[in-house]
Amino acid sequence: MSADTDTQITTVYRVTGMTCGHCEGAVTAELSGLAGVSSVKAVAATGEVTVVSAAPLAEADVRAAVDEAGYELAGQA
């Protein structure tokens with residue numbers, strides 16, 4: 001799900017393997033490093049990660065960041 005908000009795009013991704021706050025932090029840190037990302041909110045309980053960015057992100061970049069954190073991108077929610 002994507003929505004434009006004042007030139008910001010909000011996208012919700014499904015990430016598997018997150019079980020705790022540490023997991024949320026690892027995913028948040030990696031995704032926050034992507035160009036154009038202004039905020040990230042990861043929720044282990046639902047497996048959802050909400051990313052706000054200036055432009056649409058390439059799925060390959062998101063997948064690589066989530067993989068670097070040690071988790072798996074299951075796609076957009």
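Numbering of residues begins at 1 and proceeds along the displayed sequence.
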[X] versus [Y], closest heavy-atom pair with distance:
| X | Y | answer |
| --- | --- | --- |
| A65 | E30 | O-CB, 3.3 Å |
| A26 | A69 | O-CB, 3.6 Å |
| V62 | Y13 | CG2-OH, 3.6 Å |
| Y71 | V27 | CD1-CG2, 3.4 Å |
| E48 | A77 | OE2-CB, 3.9 Å |
| G17 | C23 | O-SG, 4.3 Å |

Answer yes or no: is there a side-chain heavy-atom contact under 4.5 Å between V51 and L57?
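V51 reaches L57 side chain to side chain.
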In the structure I gave you, are the side-chain heavy atoms of V49 and V40 within less than 4.5 Å of one another anywhere?
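Yes - at least one pair of side-chain heavy atoms lies under 4.5 Å apart.
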Hydrophobic cluster identity match, L34 and V15, side-chain contacts under 4.5 Å
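Yes, L34 and V15 fall within the same hydrophobic cluster.
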Value rounded to 0.5 Å, distance of CG in D61 from CG in L73:
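Interatomic distance, D61 CG to L73 CG, rounded to 0.5 Å: 11.5 Å.
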Which distance, rounded to the nearest 0.5 Å, do you find between the OG1 of T11 and the CD of E59?
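With rounding to 0.5 Å, OG1 (T11) is 10.5 Å from CD (E59).
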